[in-house]
Amino acid sequence: MSKLRVQSFAISIDGYGAGANQDLQNPLGLRGPELMEWFFATRLWRRTHGHQDGETGIDNGIAEQGFAGIGAWILGRNMFGPVRGPWPDESWKGWWGEEPPYHVPVFVLTHHARAPLEMAGGTEFRFVTEGIHAALEQARTAAGGRDVRLGGGVATIRQYLRAGLVDELHLAMRPVLLGSGEHLLKGIDLRALGYECWKHVGGERASHVFLRKRG
Ligand SMILES: NC(=O)c1ccc[n+]([C@@H]2O[C@H](COP(=O)([O-])OP(=O)(O)OC[C@H]3O[C@@H](n4cnc5c(N)ncnc54)[C@H](OP(=O)(O)O)[C@@H]3O)[C@@H](O)[C@H]2O)c1
């Protein structure tokens with residue numbers, strides 16, 4: 001059975017998955033990049049940005065596992081970009097340039113309809129206005145038996161958690177305090193929803209915790 005997986009989702013000690021005031025200059029919000037410093041050092045991230053170096057330790061291995069067996073992604077519209085409200089035109093094509101690192105269909109949840117966007121390297125952004133269940137159904141179909149990765153951001157993951165639809169949740173906990181921003185778990189009782197932590201691993205720049213639904 002195809003799983004819905006959250007992988008490599010970084011949070012601060014105080015539980016934020018993005019900083020406040022996201023905009024074009026601050027895609028992750030204020031101080032948000034501090035969440036991703038574990039990822040920026042990895043060979044995986046360096047290679048996707050055209051560099052041949054990068055660390056190959058625990059953090060890198062876990063980041064690589066996050067891409068294994070994935071046949072489609074689901075993102076929220078804020079993770080896709082800084083445009084809010086109706087799309088003024090078709091010019092925004094995501095943060096990732098002409099060849100995004102997904103290489104499979106990516107379903108973007110939004111209230112504002114938009115035509116699909118085909119990018120180089122196999123990524124196609126498809127905009128879904130019918131809600132989380134429709135996006136998951138479409139992603140599962142596109143994934144053809146492989147897993148669906150729920151990329152974020154925070155509001156999107158919270159909806160899928162509350163609906164009990166996330167099978168696996170890997171959080172990369174960073175030793176930083178953000179103080180404000182988008183809080184991942186506030187008001188969500190993961191225990192009552194049936195989740196348990198089954199593994200934790202200390203990486204070079206993050207502590208990795210792995211949660212899953214109890215069988
Ligand atoms: N910590 C990490 O590892 C990590 C990973 C990924 C992203 N991020 C960060 O997370 C931040 C984005 O998170 P976020 O919580 O602000 O937003 P988000 O989850 O990316 O997107 C929320 C938006 O998506 C649309 N949407 C969500 N659910 C919908 C539904 N059921 N039906 C229709 N539209 C729906 C709505 O946009 P509209 O109403 O405007 O259409 C909503 O405002 C960014 O800063 C990003 O960089 C962090």
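The figures that follow rest on heavy atoms only: side chains count, while hydrogens, waters and symmetry mates do not. What you see is a predicted model, and the numbers here were worked out from it, not measured in a lab. When a ligand or atom number is given, it counts from 1 through the structure's own listing order.
Not a single heavy atom of E130 sits under 4.0 Å from any atom of ligand 1. Under the 4.0 angstrom criterion for non-hydrogen atoms, G19 is not in contact with ligand 1.
Of the candidates R174, Q22, M79, R158, it is Q22 that places a heavy atom closest to atom 11 (C) of ligand 1.
W87 places a side-chain N or O within donor-acceptor distance of the main-chain N or O of H112, the cut-off being under 3.5 Å. Counting only distance, with no hydrogens or angles, the side chain of D147 and the backbone of I70 share no donor-acceptor pair below 3.5 Å.
Around atom NE2 of H200, no more than 12 heavy atoms belonging to other residues, nucleotides or ligands sit under 6.0 Å away.
Inclusion of A155 in the set of residues having an N or O under 3.5 Å from an N or O of ligand 1 is warranted. Of the polar atoms of M36, none of the N or O atoms is found under 3.5 Å from an N or O of ligand 1, judged by distance alone. Checked by distance only, ligand 1 and R77 come closer than 3.5 Å through their nitrogen or oxygen atoms.
Here F125 and W92 keep their ring centres 6.0 angstrom or further from each other. Separation of the W45 and H51 ring centroids does not fall under the 6.0 Å cut-off.
Atom 5 (C) of ligand 1 has as its closest protein heavy atom F9 CE1, 3.2 Å. Closest protein heavy atom to atom 32 (N) of ligand 1: H111 NE2, 3.7 Å.
A donor-acceptor pair shorter than 3.5 Å cannot be found between the side chains of H183 and D14.
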